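Take a look at the structure below.
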Amino acid sequence: MKKLETAFYQQSDVLRIARDLLGKLLVTQWEGQCTIGRIVETEAYRGVTDKASHAYGGRRTARTEIMYAAGGVAYVYLCYGMHHLFNVVTGKKDEPHAVLLRGIEPVKGLPIMHSRTGKRPGDISLGAGPGNLARAMGIQTMHTGQSLLGDSMYIAEDGFILRKSLLQATPRIGVDYAGEDAALPYRFIIRDNLWVSKRNTFLLSKK
DNA sequence: CGACCGATCGTCT
DNA sequence: GACGATCGGTCGA
């Protein structure tokens with residue numbers, strides 16, 4: 001298992017990073033609890049020109065400031081007052097690109113994930129969807145700004161190769177407010193993977 | 001299967 | 001004071 005390094009996160013093409021994160025392992029280990037999940041669903045938020053992004057138009061607020069940091073840190077924010085959404089900040093300093101992690105296939109620490117979420121063994125919603133993913137991995141807004149290059153929270157590769165035929169791009173979820181940008185194919189999933197968020201599966205059958 | 005609804009609160013206007 | 005990069009449940013066809 002090899003931890004992804006700065007050079008990976010600071011590539012300029014956030015779409016490529018979002019794609020390449022599929023199949024990688026997300027690791028968190030804190031409070032004596034280690035959990036690992038394989039990333040099966042991501043969404044790219046592409047800098048200041050992307051109407052769906054919190055950084056659209058170069059907007060800077062206390063909350064989104066971390067998006068302008070150099071790639072390799074976490075951007076976690078509270079959505080709908082109850083869900084913690086975890087993004088990987090990418091690009092160079094002052095290029096506010098980010099990748100939202102939307103789905104993981106649980107790999108290690110299943111009992112811990114079950115106790116964190118209250119879900120029962122066999123429930124495939126455990127790591128499906130950004131809110132569920134963060135809850136299962138123990139990620140909260142207090143982790144925003146945290147480095148992904150340290151030991152408590154990082155992404156690694158283990159030799160898993162994603163066949164091209166299993167890579168699929170679709171429009172992003174829940175960004176209707178973004179006008180024409182809502183239709184951009186910036187969501188990436190591992191096709192037919194059990195752990196991809198089930199909502200909007202109709203998008204797949206339509207294709 | 002699809003449409004809709006309530007929960008719940010930090011952030012920005 | 002309004003509004004989410006969501007989720008889980010319900011209701012009707």
Side-chain angles (χ1 to χ4, degrees), chain A residues 14-15 17-19 21-22 26 37 39-69 71 73-91 95-104 106 113-114 116-146 168-189 194-207:
Chain A
V14 67
L15 297 179
I17 295 175
R19 226 169 36 220
L21 281 175
L22 290 181
L26 173 63
I39 299 167
V40 300
E41 177 176 355
T42 64
E43 276 180 4
Y45 286 83
R46 198 167 181 225
V48 299
T49 60
D50 182 354
K51 288 183 177 163
S53 171
H54 291 164
Y56 174 61
R59 247 173 82 245
R60 296 179 92 119
T61 68
R63 180 183 62 156
T64 61
E65 184 62 29
I66 194 64
M67 295 183 76
Y68 292 81
V73 296
Y75 167 41
V76 187
Y77 73 98
L78 188 66
C79 186
Y80 292 99
M82 62 188 79
H83 301 293
H84 301 257
L85 271 54
F86 170 54
N87 292 255
V88 175
V89 173
T90 75
E95 293 174 0
H97 302 293
V99 176
L100 172 67
L101 298 195
R102 294 188 52 92
I104 50 152
M113 295 187 190
H114 289 135
R116 282 173 178 158
T117 61
K119 293 178 187 293
R120 315 181 61 161
D123 185 340
I124 60 171
S125 74
L126 182 64
N132 288 335
L133 179 155
R135 202 142 72 106
M137 296 297 294
I139 298 170
Q140 303 177 57
T141 53
M142 61 170 290
H143 297 114
T144 200
Q146 180 154 139
Q168 182 162 18
T170 83
R172 292 171 291 187
I173 306 299
V175 295
D176 297 338
Y177 59 85
E180 68 271 21
D181 284 359
L184 294 171
Y186 285 1
R187 173 175 177 249
F188 301 94
I189 63 175
L194 190 60
W195 303 87
V196 167
S197 60
K198 285 298 189 258
R199 191 167 308 223
N200 304 289
T201 43
F202 69 92
L203 287 172
L204 309 183
S205 44
K206 266 190 189 167
K207 155 88 200 311

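All values below were derived from every heavy atom in this structure, side-chain atoms included, with hydrogens, water molecules and symmetry-related copies excluded. Protein chains get the first letters and strands the later ones, always in sequence-line order, with residue 1 at the start of each. Owing to the predicted nature of the structure, the values given are computational and were not obtained by experimental measurement.
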Atom-pair distance (NE2 on H83(A); P on dC3(C)), nearest Å: 19 Å
For nucleotides 10-13 of chain B, list the nitrogen or oxygen atoms of the protein found under 3.5 Å from its nitrogen or oxygen atoms, one pair per line.
from	atom 1	to	atom 2	distance (Å)
dC12(B)	OP1	T61(A)	OG1	2.0

Atom-to-atom span, CD of E41(A) to P of dT6(C) - whole angstrom: 10 Å
Tell me whether D181(A) contacts the main-chain N or O of A52(A) through its side chain, where contact means a donor paired with an acceptor under 3.5 Å. no
Can you list everything that forms a side chain to side chain contact (heavy atoms under 4.5 Å, CB included) with T61(A)? Sequence neighbours excluded, please. R59(A), R63(A), T64(A)
Has the side chain of T42(A) got a donor or acceptor atom that lies under 3.5 Å from a matching backbone atom of A18(A)? yes
Exam field: side chain E43(A) to backbone R102(A), donor-acceptor pair closer than 3.5 Å: no
Identify, residue by residue, the members of residues 118-136 of chain A with a heavy atom below 4.0 Å from DNA chain C, and return them in order of residue number, or none. K119(A), A128(A), G129(A), P130(A), G131(A), N132(A)
Interatomic distance where CD belongs to E43(A) and C1' belongs to dA5(C) [whole Å]: 6 Å
Considering all heavy atoms of both residues, which atom of Y56(A) and which atom of V48(A) are nearest to each other, and what is their separation? CD1-O, 3.2 Å
Using whole Å, report how far CG of D176(A) lies from C1' of dA3(B). 14 Å
From OH of Y56(A) across to P of dA5(C) the rounded distance in Å is 15 Å
OP1 or OP2 of dT6(C) sitting under 4.0 Å from any side-chain N/O of R102(A)? yes
Roughly, in whole Å, what's the span from NE2 in H84(A) to C1' in dC9(B)? 10 Å
Side chain of C79(A): nearest nucleotide among dT8(B), dC7(C), dG4(C)? dG4(C)
Taking the side chain from R116(A) and the backbone from M137(A), do they hold a donor-acceptor pair closer than 3.5 Å? yes
dA13(C) versus dC5(B) - spacing of their P atoms, nearest Å: 15 Å
Heavy-atom donor-acceptor pair, H84(A) side chain to T141(A) backbone, under 3.5 Å: yes
OP1, OP2 of dA5(C) versus side-chain N and O of H54(A): anything below 4.0 Å? yes
N87(A) side chain to A98(A) main-chain N or O, any donor-acceptor pair under 3.5 Å? no
Walk me through whether R60(A) and Y68(A) qualify under side-chain hydrogen bond (donor to acceptor under 3.5 Å, both in side chains). CA-CA 8 Å; R60(A) 296 179 92 119; Y68(A) 292 81; 5.3 Å; no
Identify the nucleotide, in any strand shown, that forms a Watson-Crick or G-U wobble pair with dT6(C), with both distances under 3.5 Å; if there is none, say none. dA7(B)
Does a side-chain N or O of Y80(A) approach OP1 or OP2 of dC9(B) to a distance below 4.0 Å, or not? no
Rounding to an integer number of angstrom, what distance separates dT13(B) and dA5(C) when you compare their P atoms? 14 Å
